[in-house]
Amino acid sequence: MKTTIVLGLMASGSGVVHDYLSSREDFISPFGVNEFKLCSDPLGLHNLYLNCYKNFSFFNPSNAFHDFLNYTKKIQDYDVYEKHGIPKKLYKKNFNLLSKNFIDKITEVSYNANPEFSNFKINTFQSYYLKFKKKRYDFFNVRLPVDEDKFLYEARLYVQKIIINNLNLKKIKKNSNLVLNQAGNIFDPISSTQYFQNRKIVIVKRDPRDMFASMKHRRTKGAPHKDVMTFIDWYIKCFSDKNFKKKLKHKLIYVVELEKFLNYFDKENKKLCKFLGIKSEFNYKKNLSTKFDINFSRKNLYKSKKNLTKYEYNLISTRLKKFLQW
């Protein structure tokens, strides 16, 4: 199967490109309009990989195993809202079982102990309970991972099983096109997406004025939307890194400027489709509850002209001049 991974910072418009691809008949979207952050979240799969092999110490893998298992246990019951007021589970049944089986397969050594740092992983009530039960010295599971190649092999199988499970399929055809939103780390796009077969990465960039306007309007969680100076410092820190610019030139990466993509869709779509190896002519899926609407998306362009104060608009235009896209 071929996998297209769409990445972007908060309020970047990555969802627009994802929605376009997922609306096409020749694409499958295992998680609908929702983001798939299992690999990119701070407690997710790539963090586990890094702490097992790139940031190894005696207890780093154990701590990462512990956090990953807690994380997957909680997101098993995580609700998303594709329609207002109607919750649904992001992951289908068996997700937690798949996660536990994956952890067992990538564990080389396992034993219970009480390393000093583990005392800070539990709250006061849990600490008293363990003392009462006389389990103080064996509550934390210390693990050491299998070799790196084995880990990556099992991680790719694990991700593939989750996708198949969400699609309610036994397997996916080799020529299928999958599209996933935010399934990697935009600042480490190649390494963080190594868990997907035959992948290509689309990174979406947007004019910083409209990014800030969108963050303010939506009060985006985790985004620096409350203060324009904080936003500017955050943006410079994110996008001025020379190593990041070099990463964008990788053969697996294609950069989409949101404004160009929407304003000159036919031209920009041909470029994108050529990179992905798909036809630029397409049909929309039938009976979609949410479908890509380019005219609706275009209405969200240049909103900063109206929704930002004159001070905010001019300050971003001046301080982030080299990043402006219109």
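When a residue number appears, it is its place in the shown sequence, counting from 1. This is a predicted model, so every value here is computed, not measured.
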When you check the gap from the basic side-chain N to the acidic O, do Glu281 and Lys279 get nearer than 4.0 Å? no
Can you say whether the rings of Tyr284 and Phe292 are parallel (under 30°), tilted (30 to 60°) or perpendicular (over 60°)? tilted
Is any side-chain heavy atom of Ile186 closer than 4.5 Å to one of Phe244? yes
Less than 6.0 Å separating the ring centroids of Tyr158 and Tyr195? no
Between Lys216 and Glu312, does any NZ, NE, NH1 or NH2 come within less than 4.0 Å of an OD or OE carboxylate oxygen? yes
What I want to check is whether the side chains of Ser304 and Asp210 have a donor and an acceptor closer together than 3.5 Å. yes
Over 60° means perpendicular and under 30° means parallel, so classify the ring planes of Phe59 and Phe117, tilted if in between. tilted
When you compare the side chain of Ser214 with that of Lys303, does any pair of heavy atoms fall below 4.5 Å? no
Are any non-hydrogen side-chain atoms of Leu9 and Trp234 less than 4.5 angstrom apart? yes
Sub-6.0 Å ring centroid separation between Tyr20 and Phe265: yes
Regarding Glu154 and Lys161, does a basic nitrogen lie under 4.0 Å from an acidic carboxylate oxygen? no
Quick check: do Ile203 and Ile253 have side-chain heavy atoms less than 4.5 Å from each other? yes
Between Phe212 and Phe231, what is the ring plane arrangement, given parallel below 30°, perpendicular above 60°, and tilted in between? tilted
Val228/Tyr311 under side chain to side chain contact (heavy atoms under 4.5 Å, CB included): CA gap, chis, key distance, verdict: CA-CA 9 Å; Val228 66; Tyr311 169 74; 4.0 Å; yes
Hydrophobic cluster partners of Tyr153 (side-chain heavy atoms under 4.5 Å): Leu157
Are side-chain N/O atoms of Gln182 and Ser14 paired as donor and acceptor at under 3.5 Å? yes
Run the side chain to side chain contact (heavy atoms under 4.5 Å, CB included) check on Thr4 and Ile278 step by step: do they pass? CA-CA 11 Å; Thr4 299; Ile278 59 176; over 6 Å; no
Between Asn114 and Ser118, is a side chain to side chain donor-acceptor pair (under 3.5 Å) present by the stated rule, with each step listed? CA-CA 6 Å; Asn114 178 215; Ser118 67; 3.2 Å; yes
Going by the side chain to side chain contact (heavy atoms under 4.5 Å, CB included) test, name the single residue among Asn51, Asn63, Leu45 that passes it with Phe68. Leu45
By side chain to side chain contact (heavy atoms under 4.5 Å, CB included) - contacts of Phe120 (at least two apart): none
Can you tell me how far CG of Asp266 sits from NZ of Lys271, rounded to the nearest 0.5 angstrom? 12.5 Å
So Phe36 and Tyr91, would you call those rings parallel, tilted or perpendicular, with 30° and 60° as cut-offs? perpendicular
Between Asn96 and Lys73, is there a side-chain heavy-atom distance shorter than 4.5 Å? yes
Contact between His18 and Asn34 at the side-chain level, heavy atoms closer than 4.5 Å - yes or no? no
Tell me which pairs pass salt bridge (Lys or Arg N to Asp or Glu O under 4.0 Å) where either residue lies in residues 222-242, with sequence neighbours left out. Asp233-Arg319
Between Asp79 and Lys88 (salt bridge meaning N to carboxylate O under 4.0 Å), is one present in this structure? no
Please check if any side-chain donor atom of Glu148 sits under 3.5 Å from a side-chain acceptor atom of Tyr49, or the reverse. yes
Checking side chain to side chain contact (heavy atoms under 4.5 Å, CB included) for the pair Leu38/Thr72: CA distance, chi angles, key distance, verdict? CA-CA 8 Å; Leu38 179 69; Thr72 53; 4.2 Å; yes
